[in-house]
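Written out below as structure tokens is the structure these notes cover.
Note: hydrogens, waters and symmetry copies are ignored here, and every other heavy atom, side chains too, is used.
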Amino acid sequence: MRHLVHCKHDTIDDYINGCSPAVVPLLEELRGFVHATMPEATEDMQYGAPVFLNAHGIPVIYLFGSKKHVNFGFLKSMELSDPDGILKRSGKPSKHIRVLPGKPINTAKLIKFVRQCGSLGLGTDSPIGPMK
């Protein structure tokens with residue numbers, strides 16, 4: 001049986017500030033990107049990581065800061081259209097895109113996934129199908 005990770009950070013700001021200085025600016029940039037792309041998103045700390053919920057209250061995106069990179073993850077990745085296989089597996093059903101400091105962020109690809117996340121929970125009218 002898996003044990004839940006105890007959250008040592010109360011807020012996303014605390015989480016970001018507790019990460020490696022190499023990834024702090026990247027985490028801040030990605031956080032802003034989520035809000036710019038999905039303005040209705042709300043934030044929460046779940047399982048020790050920043051999580052973004054869409055307008056339907058569904059946790060859809062997470063950020064994970066390691067020492068040398070950030071995983072920009074999708075909690076409902078199995079419900080996202082990814083015909084080019086861009087998303088990498090970190091666990092079921094989550095997949096992510098690894099983002100490196102000093103490297104350009106491919107926002108065109110990220111925008112497509114984030115916009116799909118905003119539609120999750122709409123039921124059968126969702127462009128990516130009903131939630132399972």
Query raised in the report: Do Lys88 and Ile97 touch side chain to side chain, with heavy atoms closer than 4.5 Å?
Result: no

Report summary line: Separation between NZ (Lys103) and CG (Leu26), nearest 0.5 Å, reads 12.5 Å

**Report entry** Min side-chain heavy-atom separation Met38-Val60 under 4.5 Å
**Finding:** yes

Query raised in the report: Roughly how far, to the nearest 0.5 Å, is CE of Met45 from CG of Asp10?
Result: 8.5 Å

Query raised in the report: How far apart are the closest heavy atoms of Gly118 and Glu40, and which atoms are they?
Result: CA-OE2, 4.1 Å

Report task. For residues Leu87 and Ser77, report the shortest heavy-atom separation together with the two atoms involved. Result -> CD1-CB, 4.2 Å

Report summary line: Closest heavy-atom pair, Ala36 versus Pro39, reported as atoms and distance to 0.1 Å, is O-CD, 4.0 Å

Query raised in the report: In Å, rounded to the nearest 0.5 Å, how long is the span from CD1 of Ile86 to NZ of Lys95?
Result: 11.5 Å

Query - Heavy-atom check, side chain of Lys76 versus side chain of Leu80, under 4.5 Å - result: no

Query raised in the report: Between Phe113 and Phe74, how do the two ring planes meet: parallel, tilted or perpendicular, split at 30° and 60°?
Result: tilted

Query raised in the report: Can you tell me how far CG of Leu120 sits from CD of Gln116, rounded to the nearest 0.5 angstrom?
Result: 7.5 Å

Query raised in the report: Hey, are the side chains of Val23 and Lys68 touching, using non-hydrogen atoms and a 4.5 Å cut-off?
Result: no

Query raised in the report: What heavy-atom pair brings Gly65 and Tyr15 nearest, and what distance separates the two atoms?
Result: N-OH, 2.9 Å

Query - Check against salt bridge (charged side-chain N to carboxylate O under 4.0 Å, His left out), Arg31 and Asp13 - result: CA-CA 10 Å; Arg31 181 186 193 185; Asp13 288 328; 2.6 Å; yes

**Report entry** Closest non-hydrogen atom pair, Val34 against Ala41
**Finding:** CG1-CB, 4.3 Å

**Report entry** Ring centres under 6.0 angstrom apart (His35, Phe52)
**Finding:** yes

Query raised in the report: Going from CG on Leu27 to SG on Cys19, what distance comes out if it is rounded to the nearest 0.5 angstrom?
Result: 5.0 Å

Report summary line: CD of Glu43 to CG of Leu63, rounded to nearest 0.5 Å, is 9.0 Å

Report task. Report whether Leu100 and Ile16 are members of the same hydrophobic cluster (ILVMFWY, side-chain heavy atoms less than 4.5 Å apart, transitive linking). Result -> no

Requested in this report: Give the minimum heavy-atom separation between Ile61 and Cys117, together with the two atoms involved.
Outcome: CG1-SG, 4.0 Å

Query - Val51 backbone acceptor or donor facing Asp44 side chain under 3.5 Å - result: no

Query - side chain to side chain contact (heavy atoms under 4.5 Å, CB included) between Leu110 and Thr37, worked out - result: CA-CA 9 Å; Leu110 282 181; Thr37 308; over 6 Å; no

Report task. State whether the side chain of Asn71 and the backbone N or O of Phe64 hold a donor-acceptor pair below 3.5 Å, judged by distance alone. Result -> no

Report task. Verify the cluster assignment for Phe72 and Met78: are they in a single hydrophobic cluster under the rule of side-chain heavy atoms below 4.5 Å apart? Result -> no

